[in-house]
Visitor: 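Here's a structure for you.
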Amino acid sequence: MTNNHMDWDKLRVFHAVAEAGSFTHAGDTLNLSQSAVSRQISALEEALAVPLFHRHARGLILTEQGEQLNRTVRDVFAKLAMTEALLTESKERAAGRLKVTTTHSFGVAWLTPRLKRFLEAYPDVSITLLLDDVDLDLAMREADVAIRMHPPRQPDLVQRSLGEIRWQIWASDTYLKSAGHLPEKPEDLDKHRLILFGDRKPPVTDVNWLADLGRADGLPRRVGALEVNSLQAMLIAIRSGLGIGAVPEYLVDNTEGMTRILPHARTPKIDMFFVYPEELRNSKRVGVFRDFLVSEIGRS
């Protein structure tokens, strides 16, 4: 592969086409005409003597060889982007863009309201916040750092414990009025309407422990009157008087009109971790963001 057959420009065009699935869309992102994009791809296929795309009426699909090349190219460009970010960041001053990922509810309820303080302290840093209840792949640079509700499952990630979050069980005063009685022991939950988390991929393990609390062995789990794939929505449903639900403590800052249920029940805890790839260990902006999180968690 001499003669510059796989030069950066062709690979950049190839990567854009592979991600976009069409010459036209790739051309738009690269500011090239469709024919220029098509020419670059044909030249690359000719140089490698393998087809990289199946051309269909509905668009393009990568061939097996195309898939293989795209995996490598994606990896290389991600590493380049990270190297560029590290090079542009001066050693003394945190600067540049930081891609942060965490779960939806923690990102919305706890992290976002505090970001103004962080960005005022570090005006040369900007943040992309990616909220997803499914773990993004830090090794593939889908994000720089993550706040996770479980220990990292991937090797070669640096992890720092951020402490633990407790669950609390709540009902609104209107619900308790209509139900006529407060559950005094966990078994009493059998007689109440429950609000549970419903999804294939919950943000934390054992998210529906309330369905089993005080349930005798062998009995099936309690069923929720409402199951919804958002802790935020669960809290809104609790406030609306729909039933009893358990949510992490960071979610509830205003307890007006709400009563804490079974405050002495054994509730699970969520261990929180700040996680990032080994190669970002010396990044200034990762360091200041980590310290910021530690101090904010200390305050709250």
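None of these values were measured; they are calculated from a predicted model.
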Visitor: Kindly indicate whether the side chain of Arg148, heavy atoms from C-beta on, has any atom under 4.5 Å from the side chain of Leu138.
Guide: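 Yes; the side chains approach each other to less than 4.5 Å.
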
Visitor: Under 4.5 Å between any side-chain heavy atoms of Leu196 and Leu226, yes or no?
Guide: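 Result no, sub-4.5 Å side-chain heavy-atom pair not found.
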
Visitor: Look at the side chain of Asn70 and the backbone N and O of Ala18, then say whether any donor-acceptor pair between them is shorter than 3.5 Å.
Guide: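 A pair under 3.5 Å: no.
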
Visitor: Does the side chain of Thr259 come under 3.5 Å of the side chain of Asp173 through a donor N or O and an acceptor N or O?
Guide: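 Yes, side-chain donor-acceptor contact under 3.5 Å.
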
Visitor: Could you tell me whether the side chain of Pro277 reaches within less than 4.5 Å of the side chain of Arg141, counting heavy atoms only?
Guide: yes

Visitor: Taking atom CD of Gln232 as the centre, report whether more than 12 heavy atoms of other residues, nucleotides or ligands fall under 6.0 Å from it.
Guide: yes

Visitor: Which atoms form the tightest heavy-atom contact between Ala26 and Ala20, and what is the distance?
Guide: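 Looking at all heavy atoms of both residues, the closest pair is N-CB, 3.9 Å.
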
Visitor: Is there a donor in the side chain of Thr128 and an acceptor in the side chain of Arg97, or the other way round, less than 3.5 Å apart?
Guide: yes

Visitor: Return the OG1 to CE distance between Thr102 and Met272, rounded to the nearest 0.5 Å.
Guide: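 Reported to 0.5 Å precision, the distance equals 8.0 Å.
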
Visitor: Table please: side-chain donor-acceptor pairs of residues 118-125 below 3.5 Å, with sequence neighbours left out.
Guide:
residue	atom	partner	partner atom	Å
Glu120	OE2	Lys116	NZ	3.0
Asp124	OD2	Arg93	NE	2.6
Asp124	OD2	Arg93	NH2	3.0

Visitor: Which pairs would a plain distance check flag for residues 236-249, meaning a side-chain donor or acceptor within less than 3.5 Å of a matching protein atom at least two apart in sequence or in another chain?
Guide:
residue	atom	partner	partner atom	Å
Arg239	NH1	Asn254	O	3.3
Arg239	NH2	Asn254	O	2.3
Ser240	OG	Ala237	O	2.7
Glu249	OE2	Arg166	N	3.2

Visitor: Kindly indicate whether the side chain of Lys10, heavy atoms from C-beta on, has any atom under 4.5 Å from the side chain of Val13.
Guide: no

Visitor: Find the distance between CG (Leu115) and CZ (Phe289) and round it off to the nearest 0.5 Å.
Guide: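 Interatomic distance, Leu115 CG to Phe289 CZ, rounded to 0.5 Å: 6.0 Å.
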
Visitor: Is Asp188 reaching over with its side chain to a backbone N or O of Lys185, donor-acceptor style, under 3.5 angstrom?
Guide: yes

Visitor: Group every Ile, Leu, Val, Met, Phe, Trp and Tyr by side-chain heavy-atom contacts under 4.5 Å, then state whether Met258 and Leu251 land in the same group.
Guide: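 Cluster IDs for Met258 and Leu251 match.
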
Visitor: Measure across Pro202 and Val207 and return the closest heavy-atom pair with its distance rounded to 0.1 Å.
Guide: CB-CG1, 3.6 Å

Visitor: If you take the centroid of each ring, where Trp contributes its six-membered ring, are Phe273 and His150 closer together than 6.0 Å?
Guide: no

Visitor: Is any side-chain heavy atom of Thr103 less than 4.5 Å from a side-chain heavy atom of Leu131?
Guide: no

Visitor: Side chains of Glu142 and Thr101: closer than 4.5 Å at any heavy-atom pair?
Guide: no

Visitor: Between Asp190 and Arg215, is there a side-chain N and carboxylate O pair less than 4.0 Å apart?
Guide: yes

Visitor: Does the side chain of Ile147 come within less than 4.5 Å of Val275's, by heavy atoms?
Guide: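 No. Closest side-chain heavy atoms not under 4.5 Å.
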
Visitor: Knowing that exactly one of Trp110, Trp167, Phe106 qualifies, which makes a ring pair (Phe, Tyr, Trp, His ring centres under 6.0 Å) with Tyr250?
Guide: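 The option that passes is Phe106.
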
Visitor: Below 4.0 angstrom, N of the basic side chain to O of the carboxylate: do Glu19 and Arg74 qualify?
Guide: yes

Visitor: Is the shortest distance from a Lys or Arg side-chain nitrogen in Asp144 or Lys99 to a carboxylate oxygen in the other one below 4.0 Å?
Guide: no

Visitor: Output the distance between atom CG (Leu69) and atom CG (Leu48), rounded to the nearest 0.5 Å.
Guide: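 So the gap between those two atoms works out to 6.5 Å.
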
Visitor: Considering non-hydrogen atoms only, spot the tightest contact between Leu194 and Ala211 and give its length.
Guide: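 Reported closest heavy-atom pair: CD1-CA, 4.5 Å.
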
Visitor: Between Tyr175 and His192, what is the ring plane arrangement, given parallel below 30°, perpendicular above 60°, and tilted in between?
Guide: tilted

Visitor: Rounded to the nearest 0.5 Å, how far does CG of Leu52 lie from CD of Glu67?
Guide: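 So the gap between those two atoms works out to 11.0 Å.
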
Visitor: Could you tell me the separation between the CE atom of Met149 and the OG atom of Ser105, rounded to the nearest 0.5 Å?
Guide: 7.0 Å

Visitor: Okay, side chain of Ser42, backbone of Ser38: is any donor-acceptor separation there less than 3.5 Å?
Guide: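 Judged by distance alone, yes, a pair lies under 3.5 Å.
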
Visitor: Side-chain contact test, heavy atoms from C-beta onward, threshold under 4.5 Å: evaluate it for Gln159 versus Tyr276 and give yes or no.
Guide: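 Of all side-chain heavy-atom pairs linking Tyr276 with Gln159, none is under 4.5 Å.
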
Visitor: First locate atom CD1 of Ile261, then atom CD of Glu184, and finally report the distance between them rounded to the nearest 0.5 Å.
Guide: 10.5 Å

Visitor: Determine the interplanar angle of the Phe53 and Phe23 rings, folded into 0 to 90°, and report it as parallel if under 30°, tilted if 30 to 60°, perpendicular if over 60°.
Guide: perpendicular

Visitor: Indicate the atoms forming the closest heavy-atom contact of Ala265 with Leu213, along with that distance.
Guide: CB-CD2, 4.0 Å

Visitor: Between Pro51 and Gln65, which heavy-atom pair has the shortest distance, and what is it?
Guide: O-OE1, 4.0 Å

Visitor: Transitively linked via ILVMFWY side-chain contacts under 4.5 Å: Leu80 with Leu11?
Guide: yes

Visitor: Determine whether more than 12 heavy atoms belonging to other residues, nucleotides or ligands lie under 6.0 Å from atom NE2 of His25.
Guide: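 Not more than 12 within 6.0 Å, no.
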
Visitor: What are the two closest heavy atoms between Gly198 and Asn229, and how far apart are they?
Guide: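 For Gly198 and Asn229, the tightest heavy-atom pair comes out as O-CB, 3.1 Å.
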
Visitor: With the 4.5 Å side-chain cut-off for hydrophobic clustering, are Ile41 and Ile61 part of the same group?
Guide: no

